[in-house]
Student: 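Here you go, one structure.
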Amino acid sequence: MTLVTHDLLRTRTLYVSDLDGTLLDPSSRVSAESAVMLNEAIAAGALFTVATARTPATVVPLLAEVNIRIPAVVMTGASLFDLKDRSFSRLQFISPGVVENMLDIYRRHSTSTFIYTFAGKSLEVFHIGPLNELEHGFIAQRAHTGLKHFNIPPSGESPLPRNLDNTLLLYSVQPWENARKVYDEIRSQQLPVSPLCYHDNFGPDWGQLEMFASTANKAKAVEAVASRVRADRIVAFGDNINDIPLFEIADEGVAMGNAVEELKALASFVIEANTCPAVAAHILHHTK
């Protein structure tokens with residue numbers, strides 16, 4: 001008679017967390033307490049990564065104290081990124097010609113946007129339209145990371161590459177009314193992209209507008225990571241509407257206490273707000 005050990009019977013669970021409003025505290029940092037607990041869980045065998053709208057330029061410094069060993073999902077699933085060797089994989093480019101069509105719509109509604117393209121090892125960022133105050137701050141915080149290069153003059157209007165076929169993302173932080181008009185027109189034209197328009201850190205008068213390839217979303221990217229690490233169960237943590245696709249494919253969706261009601265309605269249960277190290281505590285508790 002062959003005995004099967006308890007370890008062999010254990011389910012391989014992939015824990016995946018959003019960053020802003022979820023793993024990050026209200027100061028937009030991974031607290032020291034969270035880092036200690038996550039590292040303890042990872043050392044004990046937990047499979048942990050993040051899925052975020054952020055690019056590697058901010059993900060890398062934010063997670064510098066966490067020993068993540070598997071790829072992170074960045075840019076809402078437009079790419080995976082290895083935090084150890086700083087490499088991109090599973091890149092999802094917007095279909096050829098679609099970027100130019102969208103830029104016409106942005107210009108028609110006097111709405112500026114950043115254009116993220118991939119240049120082999122790093123991101124090259126361009127921009128159309130004048131830079132607003134929030135965009136100036138956005139660039140200043142990220143210009144010296146070495147993980148992306150801003151090709152943006154003081155006027156804000158970049159000379160664009162002749163070929164935009166390697167575009168991963170259009171990102172805007174604009175007055176809500178402008179952002180919503182662009183979003184609605186792109187949706188009405190049924191362009192082959194995945195659009196997102198939502199309020200976030202900047203208050204109700206501002207909107208964040210994101211355009212990805214139709215094949216790019218957190219859910220598909222997390223499923224790809226789960227396949228790579230041979231996980232047979234996914235537990236996801238989130239706080240906003242762009243986490244809904246992830247909750248829909250997760251075996252267990254865990255909403256933060258500060259999450260939007262739409263996400264809480266889909267959650268398996270709700271934990272404390274991101275003012276506490278709630279994500280790390282949950283993972284460590286279930287790893288022991």
Student: Search all heavy atoms of V30 against all heavy atoms of S34 and return the closest pair with its distance.
Tutor: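 Closest pair (atom of V30, atom of S34, distance): CG1-CB, 4.0 Å.
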
Student: For residues 217-231, dump all side-chain donor-acceptor pairs below 3.5 Å to protein atoms at least two apart in sequence or in another chain.
Tutor:
| unit_1 | atom_1 | unit_2 | atom_2 | d |
| --- | --- | --- | --- | --- |
| N217 | OD1 | A219 | N | 3.0 |
| N217 | OD1 | K220 | N | 2.7 |
| K218 | NZ | D18 | OD1 | 3.2 |
| K218 | NZ | A51 | O | 3.2 |
| K218 | NZ | D243 | OD1 | 2.6 |
| R228 | NH2 | S89 | OG | 3.3 |

Student: So R54 and D20, do their side chains get closer than 4.5 Å, heavy atoms only?
Tutor: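 Touching, per the 4.5 Å side-chain cut-off.
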
Student: Using the salt bridge (charged side-chain N to carboxylate O under 4.0 Å, His left out) rule, collect all pairs that involve residues 62-84, keeping only residues at least two apart or in two chains.
Tutor: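 Pairs touching residues 62-84 that pass the test: none.
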
Student: Decide if the gap between the ring center of F114 and the ring center of F138 is smaller than 6.0 angstrom.
Tutor: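 Between F114 and F138, the centre distance is under 6.0 Å.
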
Student: Let me confirm one number: the CG-CG distance from N101 to L103, rounded to the nearest 0.5 Å.
Tutor: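 Between N101 CG and L103 CG, I get 9.0 Å after rounding to 0.5 Å.
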
Student: Could you name each residue pair satisfying salt bridge (charged side-chain N to carboxylate O under 4.0 Å, His left out) that touches residues 25-37, not counting sequence neighbours?
Tutor: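 Pairs touching residues 25-37 that pass the test: none.
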
Student: I need the minimum non-hydrogen distance between S79 and L91, along with the two atoms involved.
Tutor: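 The answer is OG-CD2, 3.5 Å.
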
Student: Any donor-acceptor pair under 3.5 Å linking the side chain of H127 with the backbone of G156?
Tutor: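 A pair under 3.5 Å: yes.
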
Student: Whether the S122 and K148 side chains hold a donor-acceptor pair (N or O, under 3.5 Å, no angle test) is what I'd like checked.
Tutor: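 No, no side-chain donor-acceptor contact under 3.5 Å.
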
Student: Would you mind reporting whether I139 and I152 have side-chain heavy atoms less than 4.5 Å apart?
Tutor: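 Side chain of I152 against side chain of I139, heavy atoms only: contact under 4.5 Å found.
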
Student: Taking only distance into account, with no hydrogens and no angle test, what donor-acceptor pairs under 3.5 Å do side-chain atoms of residues 170-177 form with protein atoms, sequence neighbours excluded?
Tutor:
| unit_1 | atom_1 | unit_2 | atom_2 | d |
| --- | --- | --- | --- | --- |
| Y171 | OH | Q208 | OE1 | 2.5 |
| S172 | OG | S112 | O | 2.7 |
| S172 | OG | T113 | OG1 | 3.0 |
| Q174 | NE2 | E135 | OE2 | 3.4 |
| E177 | OE2 | K181 | NZ | 3.3 |

Student: Output, in order, the C-alpha distance, side-chain angles, deciding distance and verdict of side-chain contact (heavy atoms from CB on, under 4.5 Å) for T55 and V74.
Tutor: CA-CA 6 Å; T55 70; V74 296; 5.9 Å; no

Student: Check salt bridge (Lys or Arg N to Asp or Glu O under 4.0 Å) between E252 and all other residues, then give those that pass, not counting sequence neighbours.
Tutor: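 Partners of E252 by the salt bridge (Lys or Arg N to Asp or Glu O under 4.0 Å) criterion, ordered by chain and then number, come out as R233.
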
Student: Do I115 and L160 make a side-chain contact, defined as non-hydrogen atoms from C-beta onward lying under 4.5 Å apart?
Tutor: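 In contact.
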
Student: Measure the spacing between OG of S155 and CG of L131 and express it to the nearest 0.5 Å.
Tutor: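 Separation between the atoms: 7.5 Å.
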
Student: Does any pair with a residue in residues 216-253 pass ring pair (Phe, Tyr, Trp, His ring centres under 6.0 Å), and if so which ones, sequence neighbours excluded?
Tutor: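 Pairs touching residues 216-253 that pass the test: F237-H282.
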
Student: Within the 4.5 Å heavy-atom criterion, are I283 and T287 side-chain neighbours or not?
Tutor: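 In contact.
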
Student: Minimum heavy-atom separation for Q189 and I105, please, with both atom names.
Tutor: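 So the two residues come closest at NE2-CD1, 3.8 Å.
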
Student: Sequence neighbours left out, what pairs pass salt bridge (charged side-chain N to carboxylate O under 4.0 Å, His left out) with at least one residue falling in residues 151-174?
Tutor: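 For residues 151-174: R107-E157.
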
Student: Please report the interatomic distance OH(Y15) to CD1(I234), rounded to the nearest 0.5 Å.
Tutor: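 Separation between the atoms: 12.5 Å.
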
Student: Of the options N258, D239, N240, which is the one that meets T22 in a side chain to side chain donor-acceptor pair (under 3.5 Å)?
Tutor: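 Among N258, D239, N240, the one meeting side chain to side chain donor-acceptor pair (under 3.5 Å) with T22 is D239.
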
Student: Inspect the surroundings of CZ in R187 and state if more than 12 heavy atoms from other residues, nucleotides or ligands are less than 6.0 Å away.
Tutor: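 Atom CZ in R187 is not crowded, with 12 or fewer foreign heavy atoms closer than 6.0 Å.
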
Student: Would you say L164 and F150 are hydrophobically clustered, going by side-chain heavy atoms of ILVMFWY under 4.5 Å?
Tutor: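 Hydrophobic grouping puts L164 apart from F150.
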
Student: Are the side chains of L147 and L123 in contact, using a 4.5 Å heavy-atom criterion?
Tutor: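 Not touching, per the 4.5 Å side-chain cut-off.
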
Student: Should V50 and V16 be marked as a side-chain contact (heavy atoms from CB on, under 4.5 Å) after you check the CA-CA gap, both sets of side-chain angles, and the distance that decides it?
Tutor: CA-CA 5 Å; V50 299; V16 56; 5.7 Å; no

Student: Restricting to non-hydrogen atoms, name the atom on D251 and the atom on D232 that form the minimum distance, rounded to 0.1 Å.
Tutor: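 Smallest heavy-atom distance, with atoms named: OD2-O, 4.3 Å.
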
Student: Taking the side chain as everything from C-beta on, heavy atoms only, tell me whether V73 gets closer than 4.5 Å to L80.
Tutor: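 Yes, at least one pair of side-chain atoms sits under 4.5 Å.
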
Student: Any chance you could measure L284, atom CG, to E40, atom CD, to the nearest 0.5 Å?
Tutor: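 Output value for this atom pair is 4.5 Å.
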
Student: For a side-chain contact (heavy atoms from CB on, under 4.5 Å) check, start with the C-alpha distance between M75 and E210, then their side-chain angles and the critical distance, and finish with the verdict.
Tutor: CA-CA 9 Å; M75 295 180 283; E210 301 172 356; over 6 Å; no

Student: Verify the cluster assignment for L47 and I249: are they in a single hydrophobic cluster under the rule of side-chain heavy atoms below 4.5 Å apart?
Tutor: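 Shared cluster, yes.
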
Student: Taking only residues two or more places apart in sequence or in another chain, which ones pass side chain to side chain donor-acceptor pair (under 3.5 Å) with H136?
Tutor: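 For H136 there are no side chain to side chain donor-acceptor pair (under 3.5 Å) partners, ignoring immediate neighbours.
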
Student: Please check if V193 and L196 belong to a single hydrophobic cluster, counting links between Ile, Leu, Val, Met, Phe, Trp and Tyr side chain heavy atoms closer than 4.5 Å.
Tutor: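 V193 does not cluster with L196.
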
Student: Keeping the roles fixed (side chain from N39, backbone from N67), state whether a donor-acceptor pair exists under 3.5 Å.
Tutor: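 Present.
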
Student: Tell me whether I128 shares a hydrophobic cluster with L191, the cluster being built from Ile, Leu, Val, Met, Phe, Trp, Tyr side chains joined at under 4.5 Å.
Tutor: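 Same cluster.
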
Student: Do side-chain atoms of T49 reach the backbone of P71 as a donor and acceptor pair under 3.5 angstrom?
Tutor: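 Yes.
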
Student: Just grab all the ring pair (Phe, Tyr, Trp, His ring centres under 6.0 Å) pairs involving residues 58-92, residues at least two apart or on different chains.
Tutor: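 For residues 58-92: F81-F88, F88-F118.
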
Student: I need the full list of ring pair (Phe, Tyr, Trp, His ring centres under 6.0 Å) pairs touching residues 30-55, with sequence neighbours left out, sorted by first then second residue.
Tutor: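 Residue pairs with at least one partner in residues 30-55: there are none.
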
Student: Below 4.5 Å, heavy atoms only, C-beta onward: do L134 and W206 meet side chain to side chain?
Tutor: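 A side-chain contact exists here, since the closest heavy-atom pair is under 4.5 Å.
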
Student: Report yes or no: do E124 and Y116 form a side-chain donor-acceptor pair below 3.5 Å?
Tutor: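 No - no donor-acceptor pair under 3.5 Å links their side chains.
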
Student: Could you pull out the closest heavy-atom pair between A273 and A278, with the gap in Å?
Tutor: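 Where A273 meets A278 most closely, the heavy atoms are O-CB, 4.2 Å.
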
Student: Is atom CD of E272 surrounded by more than 12 heavy atoms (other residues, nucleotides or ligands) closer than 6.0 Å?
Tutor: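 Atom CD in E272 is not crowded, with 12 or fewer foreign heavy atoms closer than 6.0 Å.
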
Student: By salt bridge (Lys or Arg N to Asp or Glu O under 4.0 Å), which residues pair with D184, not counting sequence neighbours?
Tutor: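 For D184, the residues satisfying salt bridge (Lys or Arg N to Asp or Glu O under 4.0 Å) (neighbours in sequence not counted) are R180.
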
Student: Which pairs of donor and acceptor atoms, one on a side chain in residues 259-270, lie under 3.5 Å apart (sequence neighbours left out)?
Tutor:
| unit_1 | atom_1 | unit_2 | atom_2 | d |
| --- | --- | --- | --- | --- |
| K264 | NZ | G257 | O | 2.9 |
| S268 | OG | G253 | N | 3.2 |

Student: Would you kindly confirm whether L19 and I241 end up in one hydrophobic cluster when ILVMFWY residues are joined by side chain heavy atoms under 4.5 Å apart?
Tutor: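 Yes; I241 is reachable from L19 via cluster members.
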
Student: Please give me the minimum heavy-atom distance between F212 and I94, naming the atom from each residue.
Tutor: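 The answer is C-CG1, 3.8 Å.
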
Student: Just how far is it from atom CG of L209 to atom NE2 of H109, taken to the nearest 0.5 Å?
Tutor: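 Between atom CG of L209 and atom NE2 of H109 there are 11.0 Å.
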
Student: Show your reasoning for whether side-chain contact (heavy atoms from CB on, under 4.5 Å) applies to N242 and Y198.
Tutor: CA-CA 9 Å; N242 60 348; Y198 56 96; 4.1 Å; yes

Student: Looking at OG1 of T76 and CE of M211, how far apart are the two atoms once the value is rounded to the nearest 0.5 Å?
Tutor: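 One gets 12.0 Å once the value is rounded to the nearest 0.5 Å.
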
Student: Is there a side-chain contact between V125 and N151, using heavy atoms and a 4.5 Å cut-off?
Tutor: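 No - every pair of side-chain heavy atoms lies 4.5 Å or more apart.
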
